[in-house]
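Below is one structure; the comments refer to it alone.
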Amino acid sequence: MPELPEVETIRRDLQPLVTGRKIVSAWVSEDAPRLVQLLPTAEFERLLPGHVIEDVSRRGKYLVFNLSEGMLWVVHLRMTGRVKHQWTGCAGTDPYNRASFGLDDETWLCFNDLRKFGMMWLVDDWSLVKDDIGPEPLEDGFERDPFLASLKRRSAPVKSILLDQRVVAGIGNIYADEALFAAGIDPRKAANKVSRPKGTLLHKAIIDVLTEALGGRGSSFRDYVDGKGNEGSHHLKVRVFRRTGEPCYVCDTPIKRTKVGGRSTHYCPRCQR
DNA sequence: CGTTACCTGAAA
DNA sequence: TTTCAGGTAACG
């Protein structure tokens, strides 16, 4: 569900609320046996309490709680995961609450996940979670030339390359479609056939589209809510995503939908070549 | 490289 | 009844 703008919005919400707080309890539902990675669930529940949350950070679509003793508590929301800060416990209030964490100021962090694809880790080293993630698109490390080079060396559809977290971190199905529209590129076009000028436009479009979506606190098409349980607003501003049959804002041609790499894909057949 | 599996519920 | 869903790992 959540892509970079959504996860970053959650991070910004949570950071002032939980920084400096000690975790005093941890519970994971028996109904979510795949939630905790690398460690047995019981071990995770035993090890987490006692740590202080020193900061909340993010890497791509991963939300990271930087804990005392150098530990990292990492959460990936996948399709329907939510992390909310609450002043009441989460047990029993919603059937999809899969984990809950008590803090030392009597507040709670609740992890909710309808489809149970979400995952979490407790590690002392980021590389145990993911060791080949690409640059952050909204930071200096996202440079044009290495990006153009990764397009050059691959023959898959350019959209599939945008979804590859090794090329650039944090883009998902919404913002891949939006960035390709902004750059005027057909999502089905082979990455290595995208011209250098168009590739350059795409590099800029990625930054622009993600920045704009972050300004709208993310897109709530279905399940996404922020760290306080509120919806974002950027879904009201998308140019092509889920606008099948509606007129392109630039040329009035109806937006088309197709499948690329198994993912639903939206584009303007006139503006995008 | 493209496709399937992982889950559950809503929409077509 | 079938298809579809902000993701990604594991297949062949």
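The chains referred to below are lettered A, B, ... by the order of the sequence lines, with proteins before strands, and numbering in each begins at 1.
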Atom pair distance, as rounded to whole Å: CZ in A:R257 and C1' in C:dC4:
8 Å
Hydrogens and angles aside, do A:S57 and A:D55 bring a side-chain donor and acceptor to less than 3.5 Å of each other?
no
For DNA chain B, what residues of residues 116-125 of chain A have any heavy atom nearer than 4.0 Å?
A:K116, A:F117
Over how many whole Å does the gap from A:N112 atom CG to B:dT8 atom C1' extend?
13 Å
With P as the reference atom in both, quote the distance from C:dA10 to B:dC7 in angstrom, rounded to an integer.
14 Å
Hey, are A:R115 and A:D113 close enough for a salt bridge, meaning a charged N less than 4.0 Å from a carboxylate O?
no
Shorter than 2.5 angstrom, is that how the SG atoms of A:C110 and A:C90 come out?
yes
Over how many whole Å does the gap from A:L163 atom CG to B:dT3 atom P extend?
14 Å
Same apolar cluster: A:V250 and A:I255, side chain cutoff 4.5 Å
yes
Picking from C:dA5, C:dT8, C:dG7, the nucleotide nearest the side-chain atoms of A:E3 would be C:dG7
Within the pair A:S264 and C:dA5, is there a side-chain N or O less than 4.0 Å away from OP1 or OP2?
yes
Take the protein atom CD1 of A:I161 and the nucleotide atom P of B:dG2, then report the distance between them rounded to whole Å.
8 Å
Under 6.0 Å between the ring centres of A:F142 and A:H203?
yes
DNA chain B in dot-bracket, Watson-Crick or G-U pairs under 3.5 Å, [ ] crossing, | other strand?
||||||.|||||
Close N/O contacts between protein and nucleotides 9-12 of chain B (under 3.5 Å):
residue, atom, partner, partner atom, Å
B:dG9, OP1, A:Y96, OH, 2.5
B:dA10, O4', A:R222, NH2, 3.0

Going by distance alone, is a donor N or O of one side chain under 3.5 Å from an acceptor N or O of the other, for A:T9 and A:D226?
no
Geometric cation-pi criterion A:R243 and A:Y249, 6.0 Å radius, 45° cone
yes
Show me, pair by pair, the donor-acceptor contacts under 3.5 angstrom made by side chains of residues 154-174 of chain A, not counting sequence neighbours?
residue, atom, partner, partner atom, Å
A:R154, NH1, A:D164, OD2, 2.6
A:R154, NH2, A:D164, OD2, 3.3
A:K159, NZ, A:N173, OD1, 2.5
A:K159, NZ, A:D177, OD1, 2.8
A:K159, NZ, A:S264, O, 3.1
A:K159, NZ, A:T265, OG1, 2.9
A:D164, OD1, A:R166, N, 2.9
A:D164, OD1, A:R166, NE, 3.1
A:D164, OD2, A:R166, NE, 3.4
A:D164, OD2, A:R166, NH2, 2.9
A:Q165, OE1, A:G170, N, 2.8
A:Q165, NE2, A:L163, O, 3.1
A:Q165, NE2, A:I171, O, 2.9
A:N173, ND2, A:S264, O, 3.0

So, OP1 or OP2 of C:dA9: does either fall under 4.0 Å of a side-chain N or O from A:K130?
yes
Of the residues in residues 180-193 of chain A, which ones touch DNA chain B at a heavy-atom distance under 4.0 Å?
none
Whole-Å distance between B:dC6 P and A:L35 CG?
18 Å
Under a 3.5 Å threshold, yes or no: a donor from one side chain and an acceptor from the other, between A:R188 and A:Y267?
yes
Show each protein N/O and nucleotides 10-12 of chain C N/O combination with a separation under 3.5 Å, one pair to a line.
none

Rounded interatomic separation in angstrom, taking CZ from A:R153 and C1' from B:dC1
16 Å
So, does A:R78 get its side chain near the phosphate of B:dC6, meaning an N or O under 4.0 Å from OP1 or OP2?
no
Grab the CZ-C1' distance between A:R98 and B:dC6 for me, whole Å please.
13 Å
A:I174 CD1 to C:dC4 P, in whole Å, measures 18 Å
Starting at the 5' end of DNA chain C and moving along, which residue's nearest nucleotide shows up first, A:R115 or A:Q165?
A:R115
